[in-house]
Every structure is written in C-alpha cells, then in structure tokens.
Enquirer: 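Encoded as structure tokens, here's the structure I'll be asking about.
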Amino acid sequence: MKPRIVQTTPFEDQQPGTSGLRKTVRTVRQPHYLENFVQSIFDAQPGHAGSTLVIGGDGRYYNREAIQIIVKMAAANGFGRLVIGRHGLLSTPAASHLIRKHRAFGGIILSASHNPGGPDGDFGLKYNIENGGPAPEKVTAAIFARSRAIEHYRMLDAPDLDLTGLAEHRLGETAIEVIDPVGDYAELMESLFDFERMHLQLSRARLSVRFDAMHAVTGPYALELIERRLGAPSGSVQRAEVLPDFGGHHPDPNLEHARALVRTMYADEAPDLGAASDGDGDRNMILGRGCFVTPSDSLAILAANASRVPGYARGLRGIARSMPTSQAADRVAAALEIPCFETPTGWKFFGNLLDAGHITLCGEESFGTGSDHVREKDGLWAVLFWLNLLAVMDQPVSRIMQQHWRRFGRDFYTRHDYENLALEPAMRLMEDLRARLASLEGERLGNREIHRADEFAYVDPVDGSESTRQGIRIRLTDGGRIILRLSGTGTAGATLRVYLESHEPRPSHQNQDPQAALADLIEDARSLANIESRTGRKTPSVIT
Ligand code: G1P
Ligand code: ZN
C-alpha cells in the first residue's frame, strides 16, 4: 500500500494552548484542517518510524471520524504499531498509562476536556510524549511552526477500521491493536489503593459513593472500578453512558454543571462521598455529605494523609501546585519537610518534576489532581484516593476537612471567571495592570497592604526552560493573594480568571462561606483591575 501525498496550504491558527489544540468542531472539519495538524505533529517528531503510537479520545462528536483519519495518516507516516481504545475511547489518564506501559513514542488524545461537545461544540487534539505527559512547550512550538509551513501530508487510502471489537489488524506495514480501554488502567488503580478494604465497606453499605460520569469517558471506567471491582451497589455510578454530545450538558465537574450530584450530597441520607469527572476523565470534583472540598484543599488533604494509602505509604518526595492553586499544599509540604514547587498553569509543567523524581503528588485549582503513577491529572484516581482514605479513617469528609484546617489553618479560596469577553478589552485590562505592577508594591488595597506585585515567570528546575507571562500575581502582606490571567483553553473571545485567596488560622473563623470570607478581597480585586469599566461586567459568569 503506497501512501498518497496530498498537497495542502497552512492554517494560521494551529497553535496549541494550555492543553493541546482546541477548536470548534466546525473549524476542525474544514478540509485538510485535522490532517495538517496531525502531519505537523509527525513532522515535528523525527524518529517515529517503526515506533508505537497510542490513540483514543473522550467519545465526543467527531471522535470516530477523526480517529479513522489519524490511523490512516499514522500508517502512511511509518509508525510500526498503533494501540487504540475500543470504540476509539481512552480517558486522558488511561492514555498516559498506555503510552508508558507500551513504551510508545507518544499518543494522540482527542478531547476538548470539559468543553461542550456535539456538532456545534468543541473538539480538541493533544499530543503526549513518550513519558505519557502533555508535550512540553518546545514540542508544541515546533508543531505550531511546522503547521505554518506545511505543504503536504501523507495518507493511506484504505477502508475504515472496525473499532467495535478487541482485535489485531494490519494496515500496510503497521500493526494495529484495538484494546480494552479500561483493563490496564483498572489494574494500575488496584496496584495503588486498598481495594480489599474498600470492597469490604462498599459492598456492606458501611461506605457509600455517588459518582457522576456526566455522560463522558469515565462512565465505563467508573462502572468497572466502583461497581464491579469495588462492589458498590448498582446506581452508584450515574450518567455512565458515553454520549457524543454528553447528553447536551457541559462535562465540567463543578458546582454549576454537576447540580444533581450537588443536590444529592446536600440532601438527607446523602452518600459518604460524591464525585464527578470531566469529558476526558482527568478532572475530579469531591463532595462530602453536606460539604464541598475545594481542589486546592483536596490536594493538601491527600498529601497530608498519603501515608495511609498503600501506593504512597513510603512517603512523598515532594508536591507541586500550579501558581493560582491555593497555598494549602505548601503548608503540608513544610510540615512533611518535603519540597513544594510552584509551576505555571497547565499539567505539562509537572512532567519534568515527576520524571526527575522531585515530586510525587501535584495538582491545580481547576479540579486537577494527580501523582507520579501517570503523567496527566487523573479524575478517578483522586476519587479512589478519597474512598481509600474514608475506608481507613472512618470519618466523614467534613470532619477530615475540619481537622485539616485546625492543624494547618484554612486557605479560603475562590475563582471568578468572566467568560466570553471580547479579546481586545480583556487584553487591555491585563496590559494596564501589567504596566502598573511596579508602582503597586507597598500600596494599600482596601484594609490590606500589597507586598509584591509581579507577573509570574517560571524557570523549569530540570531543563532550565523559561515560561514568561504566566499570570499577574498580587501578594498581600497578610499572605493573601489575588491572581489574574487569561484562559488558554477557550475557542472564542477571552476568559478572564480572577483567583482569590486568604489564610485563616483561627478555628473559630474557619466555618464561613468562602464568598463571604473573601468578600473584601473580591471587591478590591475588581476595582484594582477596573474589571467593570474594562469589560462591562458587574459580576463573573462562573464562580467556583
Ligand atoms: C484550564 C485550567 C488549567 C488546566 C487546563 C486544562 O486552563 O485553568 O488549570 O490545566 O484548563 O485542563 P485555562 O483555561 O485556565 O488556560
Ligand atoms: Zn479534562
């Protein structure tokens, strides 16, 4: 079978963002669009001939068609073996695991994460490298550069592959394995957590869980792990069927989009643990009976209690958090006398730290938590970690949280998002603030004082690479922080994210609603950045 060389011209907008290339389905379906980007990935990765590529996606609209195109292009580009999830499904963490397990050259994951799906929704494509993690900036930059110069791509003319059954195929010189997307991942989870203990409690109703898969990729994973292997009663996993439009909902595990779960968890007779994951299975939201655990607190609590869980019983090497994530994890790291790293937003910045063995756990405020077991954040892993803790600690989530705050103080935290802003004014807002940073230090802000005002820049401690303009950071003398940055995952306009945080050591003051506890700071941030006059918005569109 001889590859066909197809002439093409570049698209100017194929620059990967915080997490791969994310575009509307309409954009991606333009003739040559997907093909150009995939060929740019291959061209930017010399040395792939004969090697293995892992392919799968979150099941969203256009997943199937895109996989067929990628398979034929990978074969035409000389890959030796393709490992593909049945029905084209692979959660992001499962794909990361498979890349590592098969010592693959890399993997292509089709997902726009928590963005809505369907013909009018979004599509996305991420390239992960051989360590199983998202391509670092030097690789995404090379892919982008290639996409702007591309003149042709390689394609094999062959019928579509049957992805419905577990099988081995051949396409030209390339071997193709269609594998069970769940099995290997489930085994990995069994190697980390105390399944026996959890099974004992879940199957006898001494512990109960409700997991909302949001009609996205974690459905089959959660059914296998939570109901089949851990023996939780049927119905513990909800919205488990993977639908191309996620049932018309937004597969984003937060208090807005998982409302039914939230209602269940705040009602009488609520289960012990409530959890949800996103489109591609890398995010998690954790709720206890009548309480919500912020992702920043979740990271800190998992770190503080990690020694209770088999996979982490030997202790943690270090912790990393993205810059806007609250400082709760830093306090735990200090108590454990292990290092804590602060990285820019985006999971790709954890890769080097994990590979070098500097950290064991890492997390982001945006519902992402993970460890060195893969190189992506991992939604179900976090849920199983919590379940394991509950099975061992025999206390409700709310009590575990309260005790944590009592020991370390509470980091009140909230994120205010202003979505769908026009790009220009949003950029101007940031520019203005950037220009004023130096003059802000030492100034009063409401009844606080500004200690440092800067724009976060990062030098990777492992390879020395630099990333600048990673968010404006206003640090207050009382330890509080205001952070502003523009989202790098949107497909239209701009989203301004404002992160607010303040530390409360006094137990008697720790039980307030974060919006009330942070009310002053929220107002101060709004006026400092002139958000209303710049954007015309009085209030944020999403508060988490
Ligand atoms: C968002 C989150 C970030 C996360 C990314 C991918 O990026 O804020 O923490 O890594 O999604 O899931 P943003 O839109 O803020 O650039
Ligand atoms: Zn995701």
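Note that these values count all heavy atoms, side chains included, but never hydrogens, waters or copies made by symmetry. In listed order, ligands and their atoms are each counted from 1.
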Enquirer: Anything under 30° is parallel, anything over 60° is perpendicular, the rest tilted; go ahead and classify Phe193 against Tyr312.
Expert: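 Answer is tilted, since the angle falls between 30° and 60°.
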Enquirer: How close do Asp378 and Tyr185 get, heavy atom to heavy atom, and via which atoms?
Expert: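 Heavy atoms of Asp378 and Tyr185 come nearest at OD1-OH, 2.5 Å.
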Enquirer: Below 3.5 angstrom, do we get any N/O pair linking Tyr499 and ligand 1?
Expert: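 By distance alone, the answer is no.
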Enquirer: What's the shortest distance from atom 4 (C) of ligand 1 to any protein heavy atom, and which residue and atom give it?
Expert: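 Scanning the protein heavy atoms, the shortest distance from atom 4 (C) of ligand 1 goes to Glu364 OE1, 3.5 Å.
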Enquirer: State, to the nearest 10 degrees, the angle whose vertex is the Zn ion (ligand 2) and whose arms point to OG of Ser113 and OD2 of Asp278.
Expert: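 Ser113 OG and Asp278 OD2 form an angle of 90° at the Zn ion (ligand 2).
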Enquirer: Thr345 versus ligand 1: do any nitrogen or oxygen atoms come within less than 3.5 Å of each other?
Expert: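 By distance alone, the answer is no.
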Enquirer: Would you say the rings of Phe123 and Tyr61 are close, in the sense that their centroids are separated by under 6.0 Å?
Expert: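 Tyr61 vs Phe123: aromatic centres not under 6.0 Å.
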Enquirer: Please list the nearest protein heavy atom to atom 6 (C) of ligand 1 with its residue and the distance rounded to 0.1 Å.
Expert: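 Nearest neighbour among protein heavy atoms for atom 6 (C) of ligand 1, to 0.1 Å: Lys377 NZ, 3.6 Å.
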Enquirer: Please say whether Arg497 places an N or O atom under 3.5 Å from an N or O atom belonging to ligand 1.
Expert: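 The answer is yes, given that Arg497 and ligand 1 share an N or O pair closer than 3.5 Å.
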Enquirer: Check for me whether the distance between the ring centres of Phe408 and His404 falls short of 6.0 Å.
Expert: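 Ring centres of His404 and Phe408 closer than 6.0 Å.
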Enquirer: Grab the two heavy atoms, one from Gly132 and one from Ser96, that are nearest each other, plus how far apart they are.
Expert: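 Shortest heavy-atom separation between Gly132 and Ser96 comes out as O-OG, 2.7 Å.
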Enquirer: Do Glu419 and Ser541 have side-chain N/O donor and acceptor atoms under 3.5 Å apart?
Expert: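 Yes, Ser541 and Glu419 have a side-chain donor paired with an acceptor closer than 3.5 Å.
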Enquirer: Applying a 4.0 Å heavy-atom criterion (strictly less than), which segment of Arg415 is in contact with ligand 1: side chain, backbone, both, or neither?
Expert: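 Near ligand 1, Arg415 shows its side chain, while the N, CA, C and O stay back.
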Enquirer: Under 2.8 Å from the Zn ion (ligand 2), is there any N, O or S atom belonging to Thr92?
Expert: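 Not a single backbone or side-chain N, O or S atom of Thr92 is under 2.8 Å from the Zn ion (ligand 2).
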Enquirer: Ignoring hydrogens, what is the shortest heavy-atom contact between Arg229 and Ala186? Give both atom names and the distance.
Expert: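 Scanning both residues, the minimum pair turns out to be CZ-CB, 3.5 Å.
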Enquirer: Going by distance only, is there an N or O of Arg283 that falls short of 3.5 Å from an N or O of ligand 1?
Expert: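 N/O-N/O distance under 3.5 Å: yes.
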Enquirer: Among protein heavy atoms, which sits nearest to atom 7 (O) of ligand 1, and what does the distance come to when rounded to 0.1 Å?
Expert: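 For this ligand atom, the closest protein heavy atom is Thr489 CG2, 3.5 Å.
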Enquirer: I'd like to check whether Ser487 has a polar contact with ligand 1, where a contact means an N/O of the residue lying under 3.5 Å from an N/O of the ligand.
Expert: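 Yes; the residue has a nitrogen or oxygen that sits under 3.5 Å from a nitrogen or oxygen of the ligand.
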Enquirer: Check contact between Gly346 and ligand 1, using heavy atoms of the residue and a distance below 4.0 angstrom.
Expert: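 Per 4.0 Å heavy-atom rule, Gly346 contacts ligand 1.
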Enquirer: Determine the minimum heavy-atom distance between Phe292 and Ile286, stating which atoms define it.
Expert: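 Minimum heavy-atom contact is CD1-O, 3.7 Å.
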Enquirer: Do the charged groups of Arg537 and Glu532 touch, with an N to O distance under 4.0 Å?
Expert: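 No, this pair does not count.
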Enquirer: Let me know which of Ser91, Ser113, Ser111 forms a side-chain hydrogen bond (donor to acceptor under 3.5 Å, both in side chains) with Asp278.
Expert: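 That would be Ser113; it is the only one of Ser91, Ser113, Ser111 passing the side-chain hydrogen bond (donor to acceptor under 3.5 Å, both in side chains) with Asp278.
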Enquirer: Tell me whether Asp280 has at least one N, O or S atom under 2.8 Å from the Zn ion (ligand 2).
Expert: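 Yes, since at least one N, O or S atom of Asp280 sits under 2.8 Å from the Zn ion (ligand 2).
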Enquirer: With distance as the sole test, does Arg526 use its side chain to make a donor-acceptor pair with the main-chain N or O of Leu521 at under 3.5 Å?
Expert: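 No: the side chain of Arg526 does not pair with the backbone of Leu521.
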Enquirer: Decide whether an N or O pair under 3.5 Å exists between Gly488 and ligand 1.
Expert: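 Min N/O separation from ligand 1 is below 3.5 Å for Gly488.
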Enquirer: Check ligand 1 against Ser366 and write out every atom of the ligand that is under 4.0 Å from a heavy-atom position of the residue.
Expert: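 Every atom of ligand 1 under 4.0 Å from some heavy atom of Ser366: 2 (C), 3 (C), 4 (C), 8 (O), 9 (O).
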Enquirer: With only distance considered, is Arg485 within less than 3.5 Å of ligand 1 through an N or O on each side?
Expert: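 Checking ligand 1 against Arg485, an N or O pair does fall under 3.5 Å apart.
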Enquirer: Restricting to N/O/S, name the atom of Asp282 that gets closest to the Zn ion (ligand 2).
Expert: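 Restricting Asp282 to its N, O and S atoms, the minimum distance to the Zn ion (ligand 2) goes to OD1.
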